[in-house]
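Heads up, the thing below is written out as structure tokens.
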Amino acid sequence: MNVYEELGLKRVINASGKMTALGASVIDAGVADYMVRASMDYVNIEALMEKAGEVISKYTGAQDACVTAGAAAGIAIAVAACIAKDDIDAIERLPVSKGLRNEIIIQKGHSIDFGAPVVQMIRLGGGVPVEVGHTNKAAPLHIERAVNEKTAALIYVKSHHTVQKGMVSVEKMVNIAKKYDLPLIVDAAAEGDLKKYLAAGADLVIYSGGKAIEGPTSGFIAGRRNLIGYCRLQYRGIGRAMKVGKENIAGLLKAVELYGSRDNREEALRQKEEMEWLKVEVDKIDGLEAEVVQDEAGREIYRVHIRVDSGFLGVDAKHIIDELERGDPAVYTRNHYANMGIIGIDPRPLKEGEERVILNRLRSIVEDIKRRNT
Ligand SMILES: *Cc1c(COP(=O)(O)O)cnc(C)c1O
């Protein structure tokens, strides 16, 4: 029995992805052991935070890094750092930022909800979000025209949640940031490439520790030395409400180290093969048609999309999704396209053999439906 079953909760098979609602990631035994050891001793937290910056920088190519409670906290702290810098009065006054340069420019198509709105995290850090362009289209001129003496930073959000076309590229935003001498923050929460955006010229890049890196609940901001120093100072202000404990800092460092030395492409290809197997098997079920598709944001993730033939089965995808969740263990699928009749299976969070459990559940759900239909 796992801890959650001991608490009387249902076992969960996660086929949906790195979802906060399902506990984000499960960590490697080596990371877990490191966290337990870290939790049993005292340490000077400020020194640990600085050491963490050194370790993370080895894997990101950044000058320095600041550990955060997650990527959402990372947005708030990065914004606070760009606004309050090292001014202790301002740090202690945030998120009230009246009189300071506090405007943060974001493209409308990037103003997403990842579970909470990006713009709310900007406000939490004292920022005033300035949305520019249109939902489906923005031009460099929209950004440049919004720049004024109140502008504190530009933010670019890299995510499958954002509008995927018609947006100003990160490279163009780097150029605009340089032209007006403004910092560019990139929210790369779920991205797996820890170097790309820094190499492209972003000043602060935010990652979630619990997504691609598969660490504990945590995150970090990597970037320019002076700005990262300001980020750490925000723990004397708003950062205190989002502090990260020593065990999570240690777990993040171990996870980053493992992630940086692992062949992530090999793992992606293994998962792809697993999904190709599942596709073939699901295709044999009457009323379901499967396809292997690559991640919308272009990452090396290959998922199975199962199209439900509701004309044939007399039920829609949502019905099957509900049945999967109702069972024990509860199977959670990726439901971004449920309204189009598609159920997604994400290979990353699946434990060994769970793809077979999902297949068997799909078979029995469809059998039940067919029995009821006759
Ligand atoms: C998940 C996510 C976040 C929040 O990350 P946490 O580590 O859960 O705080 C922020 N931005 C984007 C684009 C995300 O996908």
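Order of listing sets the numbers, starting from 1, for every ligand and every atom in it. Remember, predicted model here, so these are calculated numbers, not experimental data.
Remark: minimum distance from atom 11 (N) of ligand 1 to any protein heavy atom is reached at D187 OD2, 2.6 Å. Of all protein heavy atoms, the one closest to atom 5 (O) of ligand 1 is A71 CB, 3.2 Å. Atom 7 (O) of ligand 1 has as its closest protein heavy atom S208 OG, 2.6 Å.
Of all atoms in ligand 1, numbered sequentially from 1 with element shown, those under 4.0 Å from a heavy atom of T20 are 8 (O). Residue contact check: A72 has heavy atoms under 4.0 Å from atoms 4 (C), 5 (O), 6 (P), 9 (O) of ligand 1. Distances below 4.0 Å separate heavy atoms of G70 from the following atoms of ligand 1: 7 (O), 9 (O).
Contacts of M121 with ligand 1, taken as heavy-atom pairs under 4.0 Å, are absent altogether. Residue contacts with ligand 1 for A189 involve side-chain atoms from C-beta outward but no N, CA, C or O (heavy atoms, distance under 4.0 Å). Counting heavy atoms closer than 4.0 Å to ligand 1, residue S159 contributes side-chain atoms (C-beta onward) but none from N, CA, C or O.
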- In sequence, state the C-alpha distance, the side-chain angles, and the governing distance for R11 and D328, and then conclude on salt bridge (Lys or Arg N to Asp or Glu O under 4.0 Å). CA-CA 7 Å; R11 187 159 83 85; D328 192 0; over 6 Å; no
request  = Take E323 and R326 through the test salt bridge (Lys or Arg N to Asp or Glu O under 4.0 Å) and record every step on the way to the result.
outcome  = CA-CA 5 Å; E323 286 295 312; R326 233 195 311 271; 2.7 Å; yes
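Within the structure, the closest approach of K211 to ligand 1 falls below 4.0 Å when heavy atoms are considered.
Y332 and A330 get closest at one heavy-atom pair: CE1-CB, 3.7 Å.
Separation of the H161 and H110 ring centroids does not fall under the 6.0 Å cut-off.
A distance-only check finds no donor-acceptor pair linking the side chain of E92 to the backbone of I238 [under 3.5 Å].
Under the 3.5 Å distance criterion, with hydrogens and angles disregarded, no donor-acceptor pair is assigned to the side chains of T151 and E149.
Remark: K272 qualifies as a cation-pi partner of Y302 under the 6.0 Å distance and 45° angle criteria applied to the six-membered ring.
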